[in-house]
Amino acid sequence: MKEHIQQLLEQTVTLLKEREIIPADAAPRVQVDRTRDKSHGDLATNLAMMLAKPAKKNPRELAQAIIDTLPASELVSKVEIAGPGFINFFLDSGWLGKQVEKIATDQSRANVAALAQPQTIVTDYSAPNVAKEMAVHHIRSTVIGDAVTRTLEFLGHKVIRANHIGDWGTQFGMLIAYLEKMENESASDMDLSDLEAFYREAKKHYDDDESFAERARNYVVKLQGGDEYCRTMWSKLVDITMAQNQAIYDRLGVSLSNDDIMGESLYNPLLPEIVSDLTEKGLAVEDDGAKVVFLDEFKGKDGNAMGVIIQKRDGGFLYTTTDIAAAKYRVDNFDADRILYFIDSRQAQHLQQAWLIARKAGYLPQTTSTEHCAFGMMLGKDGKPFKTRSGGTVKLADLLEEAHQRAVKLIGDKNPDLLGDELETIASTVAMASVKYSDLNKNRTTDYVFDWDNMLTFEGNTAPYMLYAFSRIQSIFRKAGVSADALTGEVVIDAEKEEALAQKLVQFNDAVLSVSAKGAPHLMCTYLYELAGAFMSFYEACPINKDDVAEATKASRLRLCAATANTLKVGLSLLGINTLERM
RNA sequence: GCGCCCGUAGCUCAGUUGGAUAGAGCAGCUGCCUUCUAAGCAGCUGGUCGCAGGUUCGAAUCCUGCCGGGUGCGCCA
């Protein structure tokens, strides 16, 4: 919608340049904003004020020239000058009605077209560690990354999910040695359901038992050398861990699978050649026995160029080297246009350094953008890192189970008729939706305060509010005895709340585009919340299944309902949230 | 010491790469269910946008300096 007005204005700028009303070298960024106040129309531009100075004209005068030159459009019913030189656009209600009809007809896309020029985009998210259970802090990367991934895919981009799991490092010698010990001691299949305990015990043996520790160190060397036995044991650890993580992905509704695993080990074989290449190019130098890249762009504690170690004195590599390799790999193998990293904000400097080195080495071309979609830590209501009562790490599986139990109780209390499977199904959808939404809803790169009461009271700006709006619409269709996809009536925008709802509906496309441009799903949350709110107001003000409602009005309003339902369903699906027919 | 992020209502947060009178939800207070799901709607109350300067037609937004919080800075990842 905005784009269309933008195009009209761009044409106008060209025409005005030809007529020498504005200088030929002016290159204004044509900006179209939604207005806050109805009296200012529906969309506005500040173009005249931006061009007033270069054109040496009074802004209002120039605004008039723009309006006089503006090509006619079916979208716009009226254009006005306001205030110091704003140009206000009023959308045509006939056009709005036609748009709503298209949205109502399109269940799968709500009238959002795929992009004509799709890109190849790598999304790096989730990244759990092998031999550890997913903890609560993994939820942010996983849920936010998945929502953006779904949105990019929806727009037609080729998206490559990269689950950068922690499957490499010196700790694997210890883990393999302990796995071996367990297998030797119990004839039956090992039970690794409690990975935390497994890791803890392995560490304990490593610290207390010298012969165990020696075997562990030996296994590290053998594993890195490609020893078949160690490789098999390592592979078991990865499989067991990822099977458990997959159960969490499935429960949460995260679109990752085993096919998306691209762990640290994938890049390990590339590291030696990267170090030698960086050395040959003069980027890396030996310093105190280690291979170091000095970056003038970053200052160290002594005020000189900061040194980033890419290879340790003992020959081992560090995660900066892995991230350089990962960037290179994604360019070489996928020809990525964008690489989005959904990683904790504390990694910002590290990522900047890795990318800078990759750029200097020519691994990352100018045409590939690397974007850190950063987020803060999860805090408890007390403002301290979110922990269990005893101070331990909260397991993600436990958090999801608690959300489910809370949802069962709340829904059961609210709706005592619901029992058994139906209650469980509704509670499950509501619980996962609530957990995800409360995370997705916030833009903050700073920390996020996790609060059960805010997400599961089911009031206000929450997932249940939107699920409720959706199920209310389904209820209207049941009551009317019609199927949403069989509606044919013409949409006529008449009442104030109808217009407000229609206005919101046609903004969906803008919301999808902004999420994809910024990697920020909260923009979708904000949009859907406003849409659900507009629907609730419409619902109160505009009766449908009532005796005194004219047939044509009823048909029109039913299609507004269908358009809203489609938009909510598609929008929520882009966030990875399922809808409910009843709740 | 240097770098990055942040500071908006009692609380949780928006604020569209400078726009019109800074917005929601929760909490508090008023109304609205024999009528499509009241998990809702309509409304009221609540702000020195951390502080001080600067840039301009216009600043929560950009610049500078302070104050306060978070986080990172050579052999973990």
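This is a predicted model, so every value here is computed, not measured. Every chain is numbered from 1, with letters handed out A, B, ... down the list of sequences.
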Give one of base, sugar-phosphate or nothing for [X], where a contact means two heavy atoms less than 4.0 Å apart.
X        : value
A:Asn88  : base
A:Gln171 : nothing
A:Ala82  : base
A:Ala469 : nothing
A:Thr322 : nothing
A:Tyr529 : sugar-phosphate
A:Phe317 : sugar-phosphate
A:Lys2   : base
A:Pro543 : base
A:Arg346 : sugar-phosphate
A:Val449 : sugar-phosphate
A:Ala348 : nothing
A:Met306 : sugar-phosphate
A:Lys132 : nothing

For nucleotides [N] and [M], find the distance between their [atom1] atoms and express it as a whole number of Å.
N     : M     : atom1 : value
B:G3  : B:G46 : P     : 43 Å
B:C26 : B:G43 : P     : 14 Å
B:A60 : B:G74 : P     : 40 Å
B:A20 : B:A59 : P     : 11 Å
B:U8  : B:G69 : C1'   : 15 Å
B:U16 : B:C62 : P     : 10 Å
B:C32 : B:A22 : C1'   : 30 Å
B:C67 : B:C57 : P     : 33 Å

- Distance-minimising heavy-atom pair for A:Ile411 and A:Ala427: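 Result for this residue pair: CD1-CA, 3.6 Å.
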- Message: For a quick test of reading the model, state the closest non-hydrogen atom pair linking A:Pro543 to A:Val549 and the distance between them.
- Response: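 Shortest heavy-atom contact: O-CG2, 3.7 Å.
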Ring-plane angle category for [X] and [Y], please: parallel below 30°, perpendicular beyond 60°, tilted otherwise.
X        : Y        : answer
A:Tyr529 : A:Tyr465 : tilted
A:Phe386 : A:Phe450 : tilted
A:Tyr341 : A:Trp355 : tilted

- Message: Less than 4.0 angstrom from a charged side-chain N to a carboxylate O is my criterion; do A:Asp42 and A:Lys38 meet it?
- Response: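 Answer for the salt bridge query: yes.
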- Message: Within the 4.5 Å heavy-atom criterion, are A:Lys504 and A:Tyr527 side-chain neighbours or not?
- Response: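 With C-beta onward as the side chain, the pair touches.
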- A:Tyr437 and A:Asn461: side chain donor to acceptor below 3.5 Å: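 The criterion, which ignores hydrogens and geometry beyond distance, is satisfied for A:Asn461 and A:Tyr437.
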Residues 494-501 of chain A, side-chain donor-acceptor partners within the protein, below 3.5 Å, at least two apart:
| unit_1 | atom_1 | unit_2 | atom_2 | d |
| --- | --- | --- | --- | --- |
| A:Glu498 | OE1 | A:Asp494 | N | 2.8 |
| A:Glu498 | OE1 | A:Ala495 | N | 2.8 |
| A:Glu498 | OE2 | A:Arg557 | NE | 2.7 |
| A:Glu498 | OE2 | A:Arg557 | NH2 | 3.4 |
| A:Glu499 | OE2 | A:Gln503 | NE2 | 3.4 |

- Query: Does A:Tyr539 have A:Arg472 sitting over its ring (NZ/CZ under 6.0 Å from centre, angle to axis within 45°)?
  - Reply: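 Pair A:Arg472/A:Tyr539 counts as cation-pi.
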- Message: Show me the dot-bracket string of RNA chain B, counting Watson-Crick or G-U pairs under 3.5 Å, with | for pairs to another strand and [ ] for crossing ones.
- Response: (((((((..((((.....[...)))).(((((.......))))).....(((((..]....))))))))))))....
- chain A on RNA chain B: first and last contacting nucleotide, 5' to 3', under 4.0 Å to a heavy atom?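 The contacted stretch runs from B:G1 to B:A77.
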- Hey, which sits more toward the 5' end of RNA chain B by its nearest nucleotide, A:Asp302 or A:Asn443?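 Nearer the 5' end of the strand: A:Asn443.
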- Item | Closest-nucleotide 5' rank along RNA chain B - winner of A:Asp314 and A:Thr445 |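 First, find each residue's nearest nucleotide; the 5'-ward one identifies A:Thr445.
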- Query: Which glycosidic conformation, syn or anti, is assigned to B:C44 if syn requires a torsion within 90° of zero?
  - Reply: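 Anti for B:C44; the angle lies over 90° from 0.
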- Message: Is it the case that the ring center of A:Tyr267 lies less than 6.0 angstrom away from the ring center of A:His164?
- Response: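 They qualify: ring centres under 6.0 Å apart.
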